[in-house]
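The next block holds one structure in the form of structure tokens; read it before the comments.
Naming convention: chains lettered A, B, ... in sequence-line order (proteins, then strands); numbering from 1 in each chain.
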Amino acid sequence: MSGPPPPPNKLPPNVIQQQRQQAAAPPARPTPPASGLRYPTNKKTIYDRNLHRSKGAELSRAAFAYLFVEMISYAQKRVTGIADLEKRLNTQGYPLGLKLLDLLLSRQSSSSSSSTASLRPTRILALLQFITTTLWRHLFGRPADALERSATEKELYMVTDNEPLVNTYISVPKEMSQLNCAAYVAGIVEGVCDAAGFATEGVSAHSVGVEEQGDGDGGGGGGGGGGMWPGKTIFLIRFRPEVMEREEILGRGG
Amino acid sequence: MSYYFTIIGTKDNPLFEHEFGTSKQGGDGVARFREEARHMNQFIAHASLDIVEEVQWASGQMYLKLLDRFPPATYISAFITANNVKFLLLTCPSDSAPSRSSITSAASARSSSYPSSATYNPTAPATEEAVKSFFYEVYDAWLKTLMSPFYHINTPIGSPVFRGRVAAAAKKYL
């Protein structure tokens, strides 16, 4: 410092200036609380809430069903066809998947052991297992019923749910038999895949129960399963070629 | 020591920026970047994104440790969330030059606790652990931001509460 030190009872000039500015600030700004942030009445922002508290956070089924029906009818008002409607439901679920991925991963790490941080899914199998167990359990309280890979198309994976919760209280009219409202769940799955860096060509939900029943004996035990689970839904996940390419390279490396 | 922290979205777009100084060893928590260094910081941070993309698939770890260095003395540590959002922390030990002579004598006395700006070692376990704790604390706050239904992914974070959380984490660990 070049100049002599300031006397102890006097503040340096720049500090005084700052204080003056602060003193002058309130009248200059007309409404200080209206700076864009509004606190809730209990003074708790989202940052004060616990991320890992999931006990008692389940939503009642009736409330969900009511909300979901409203979502569908909202989407239905603005569409031209069934494919369009499914697309809209898919879009509604998509942001949910983006957000759930990180939340569930961090919850996983905090519940298992605090020392080992959870890993990001870097391989397709790890990602799909995350979807069928962790994600499904969070959304529906149970894991998905099956996870398969298509024998003919390597980039195609199938997640089966025998009785999707979202379709429990929905009866699809005959003229719209193509519709499966689990497209919403497909949107969530697509969001998770996209967020994790596994771009997809799209995730779609298909009902199989009705068709298999019509076939009668459609391939061993599969036909019987269709009869037992009329609402059986398959989610088709088709990954992009670049994702498959990366998977191959990673597979060779380790 | 001066720090520059930034959050980069999935489309390599910046979402958040914060500059601060060390609060350890009597630091006052104010960043002392030279004026011409400040825009370089953004440039250096973005340049290291290439390395993030190289290493992100090698392991599932979120904390990528010391990733890059930019001569003469700028170090970049990185953290990547499952959503492919990157946290970058740029450390610049040399810019607190005026105070260096006063610190070196103190550093020899307690070199075990925290590396001073003169003897800064970015790969020391204590440094890495501190940076890791800082990143995880920010990650927690970032997750809460993400949980807000009004926050869309890849949009800048403007919440003053979030900035306060980052500043508090910086004060606590760095």
Side-chain angles (χ1 to χ4, degrees), chain A residues 1-2 33 35-40 43-53 94-110 114-124 126-127 130 134 191-199 243 245-247 249-251 253-254, chain B residues 9-11 28 30 52-65 79-87 98-99 101-102 129 132-133 135-169:
Chain A
M1 201 173 276
S2 58
S35 62
L37 181 74
R38 280 195 220 164
Y39 283 96
K43 300 280 176 205
K44 271 192 155 188
T45 62
I46 197 163
Y47 295 101
D48 299 310
R49 295 172 63 171
N50 192 336
L51 267 180
H52 305 296
R53 189 174 297 142
Y94 183 80
L96 206 59
L98 294 180
K99 296 185 173 206
L100 277 177
L101 173 68
D102 254 314
L103 177 72
L104 294 180
L105 272 180
S106 83
R107 277 194 184 160
Q108 243 180 350
S109 69
S110 72
S114 52
S115 59
T116 54
S118 59
L119 301 175
R120 296 175 291 116
T122 51
R123 302 292 297 273
I124 286 181
L127 176 76
F130 171 82
T134 314
V192 169
C193 292
D194 247 13
F198 293 82
V243 175
E245 201 178 316
R246 186 179 68 212
E247 179 75 9
I249 294 168
L250 287 176
Chain B
T10 55
K11 297 185 169 69
D28 53 1
V30 178
V52 174
E53 277 175 20
E54 270 175 37
V55 299
Q56 73 175 106
W57 297 108
S59 82
Q61 292 294 342
M62 291 190 178
Y63 176 40
L64 303 175
K65 299 194 175 169
F79 182 96
I80 182 165
T81 73
N83 268 357
N84 278 320
V85 171
K86 292 109 184 166
F87 299 172
S99 60
S101 55
S102 61
E129 202 54 37
K132 184 181 180 182
S133 309
F135 274 142
Y136 270 98
E137 190 124 332
V138 174
Y139 179 49
D140 210 61
W142 178 80
L143 264 178
K144 288 175 180 174
T145 308
L146 193 65
M147 284 306 110
S148 163
F150 300 107
Y151 178 75
H152 297 285
I153 207 153
N154 274 342
T155 53
I157 302 170
S159 164
V161 183
F162 181 78
R163 191 168 289 275
R165 289 289 167 118
V166 173

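Rounding to the nearest 0.5 Å places CG of A:Asp102 at 7.5 Å from CD1 of B:Ile153. Note that CZ of B:Phe162 is 12.0 Å distant from OG1 of A:Thr45, once rounded to the nearest 0.5 Å. To the nearest 0.5 Å, the span separating NZ on A:Lys99 from CG on B:Leu143 amounts to 11.0 Å.
Heavy-atom distances place the backbone of A:Arg49, and not its side chain, under 4.5 Å from chain B. If you measure heavy-atom distances from A:Asp48 to chain B, the contacts under 4.5 Å come from both the backbone and the side chain. When heavy atoms are compared at a cutoff of 4.5 Å, B:Leu146 approaches chain A by way of both its backbone and its side chain. At a 4.5 Å heavy-atom cutoff, the contact between B:Thr145 and chain A is made by backbone and side-chain atoms alike. With a threshold of 4.5 angstrom between heavy atoms, B:Thr81 approaches chain A through its backbone and through its side chain.
The minimum heavy-atom distance linking B:Asn83 with A:Ala195 is given by the pair OD1-CB, 3.1 Å. What you find for B:Gln61 and A:Leu119 is that their closest heavy atoms are NE2-CD2, 3.6 Å.
For B:Phe135, the ring pair (Phe, Tyr, Trp, His ring centres under 6.0 Å) partners are B:Tyr63, B:Phe79, not counting sequence neighbours. Checked against salt bridge (Lys or Arg N to Asp or Glu O under 4.0 Å), B:Lys144 has the following partners two or more places apart in sequence or in another chain: B:Asp140.
B:Trp57 and A:Phe198 have perpendicular rings, their planes meeting at more than 60° on a 0 to 90° scale where under 30° would count as parallel.
Between chain B and the residues A:Val192, A:Leu103, A:Leu105, the largest count of heavy-atom pairs under 4.5 Å involves A:Leu103. Counting heavy-atom pairs closer than 4.5 Å to chain A, the top residue among B:Ala82, B:Ala58, B:Ser59, B:Gly158 is B:Ala82.
Using a 4.5 Å cut-off on side-chain heavy atoms (C-beta onward), B:Tyr151 and A:Ile46 make no contact.
No donor-acceptor distance shorter than 3.5 angstrom exists from the side chain of A:Arg120 to the backbone of B:Asn84, with no hydrogens or angles considered.
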